[in-house]
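Right, one structure below, let's go through it.
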Amino acid sequence: MGRLPRWHRDGLLCIGDAAHTMSPVGGVGVNLAVQDAVAAARILAGPLLRRSVTERELERVQRRRGLPVSVVQKQQRGEHDLLLKPALDGTLRGDRLPLPLRLVRRLPVLSGVTAYLGGIGVRPERAPQFARRKR
């Protein structure tokens with residue numbers, strides 16, 4: 001799992017896997033890509049309509065999305081180290097699960113928290129007002 005140090009240059013913005021690769025573990029890569037796109041739309045819609053997107057505005061997208069990407073990549077590394085590697089090595093035992101999994105088993109409400117974080121993320125993105133359906 002890598003991340004471009006800079007996601008943009010004049011006339012170009014990389015988002016999703018082009019900016020930050022994800023492990024397939026948990027299937028959250030697509031969620032981050034959609035969130036990146038929503039953040040980019042919200043930040044860049046006005047400048048695009050004015051045909052005057054600056055690198056500063058492109059950088060705002062990277063700054064906005066940097067924390068969520070970093071958190072998910074760290075979480076995925078932990079899942080690889082604590083679950084995937086031991087499972088593939090044959091050393092993962094059901095009676096000796098890592099602490100986070102034991103907590104989720106003991107407190108089922110935590111599975112909702114982990115599902116929310118996987119699906120919505122640590123910094124939820126909202127569609128720009130112009131893109132929302134009128135009721």
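Quick note: numbers below take in every heavy atom, side chains included, and nothing from hydrogens, waters or symmetry partners.
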Any donor-acceptor pair under 3.5 Å linking the side chain of Gln62 with the backbone of Pro5?
yes
Do Val71 and Ile120 sit in the same hydrophobic cluster, where Ile, Leu, Val, Met, Phe, Trp and Tyr count as joined when their side-chain heavy atoms come under 4.5 Å apart?
yes
May I ask you to test the Arg65-Ile15 pair for a side-chain heavy-atom distance under 4.5 Å?
no
If we count only N and O atoms by modelled type, under 3.5 Å, do the side chains of Gln73 and Ser70 hold a donor and an acceptor together?
no
Which heavy atom of Pro124 sits nearest to which heavy atom of Arg126, and what is that distance?
CB-NH1, 3.5 Å
My understanding is that a hydrophobic cluster links ILVMFWY residues whose side chain heavy atoms are under 4.5 Å apart, including indirect links. Using that, what else belongs to the cluster containing Val25?
Leu84, Leu88
Any sub-3.5 Å donor-acceptor pair from Asn31's side-chain atoms to Gly118's backbone N or O?
yes
Membership question, hydrophobic clusters at under 4.5 Å side-chain separation (ILVMFWY): are Met22 and Leu4 in the same one?
yes
Any chance you could measure Leu58, atom CG, to Leu12, atom CG, to the nearest 0.5 Å?
8.0 Å
For atom CG of Asp89, is the number of surrounding heavy atoms from other residues, nucleotides or ligands below 6.0 Å larger than 12?
yes
Test of understanding: clusters of I, L, V, M, F, W, Y form through side-chain heavy atoms closer than 4.5 Å, transitively. Do Leu48 and Val61 belong to the same one?
yes
Transitive ILVMFWY side-chain link Leu107 to Val104, under 4.5 Å
yes
Just how far is it from atom CG of Leu83 to atom CG of Leu97, taken to the nearest 0.5 Å?
7.5 Å
Taking the side chain as everything from C-beta on, heavy atoms only, tell me whether Arg60 gets closer than 4.5 Å to Arg63.
yes
Please report the interatomic distance OG(Ser111) to CZ(Arg105), rounded to the nearest 0.5 Å.
12.5 Å
Take atom CZ in Arg132; do more than 12 heavy atoms of anything else shown fall under 6.0 Å from it?
yes
Under a 4.0 Å N-O cut-off, is there an ion pair linking Asp81 with Arg77?
no
Are Arg3 and Val69 packed together at the side-chain level, in the sense that at least one heavy-atom pair is separated by less than 4.5 angstrom?
yes
In this structure, NZ of Lys85 is separated from CG of Leu92 (nearest 0.5 Å) by 12.0 Å
Any chance you could measure Gln76, atom CD, to Lys74, atom NZ, to the nearest 0.5 Å?
14.0 Å
Just verifying a value: how many Å separate Asp36 CG and His20 NE2, rounded to the nearest 0.5 Å?
3.5 Å
Could you pull out the closest heavy-atom pair between Ala19 and Cys14, with the gap in Å?
CB-O, 3.4 Å
Please answer: with hydrophobic residues joined when any side-chain heavy atoms are less than 4.5 Å apart, are Val113 and Val122 in the same cluster?
yes
Does atom CZ of Arg123 have more than 12 heavy-atom neighbours from other groups under 6.0 Å away?
yes
In the structure I gave you, are the side-chain heavy atoms of Val53 and Leu13 within less than 4.5 Å of one another anywhere?
no
Please check this pair: side chain of Thr21 against backbone of Gly2, looking for a donor-acceptor N/O pair closer than 3.5 Å.
yes
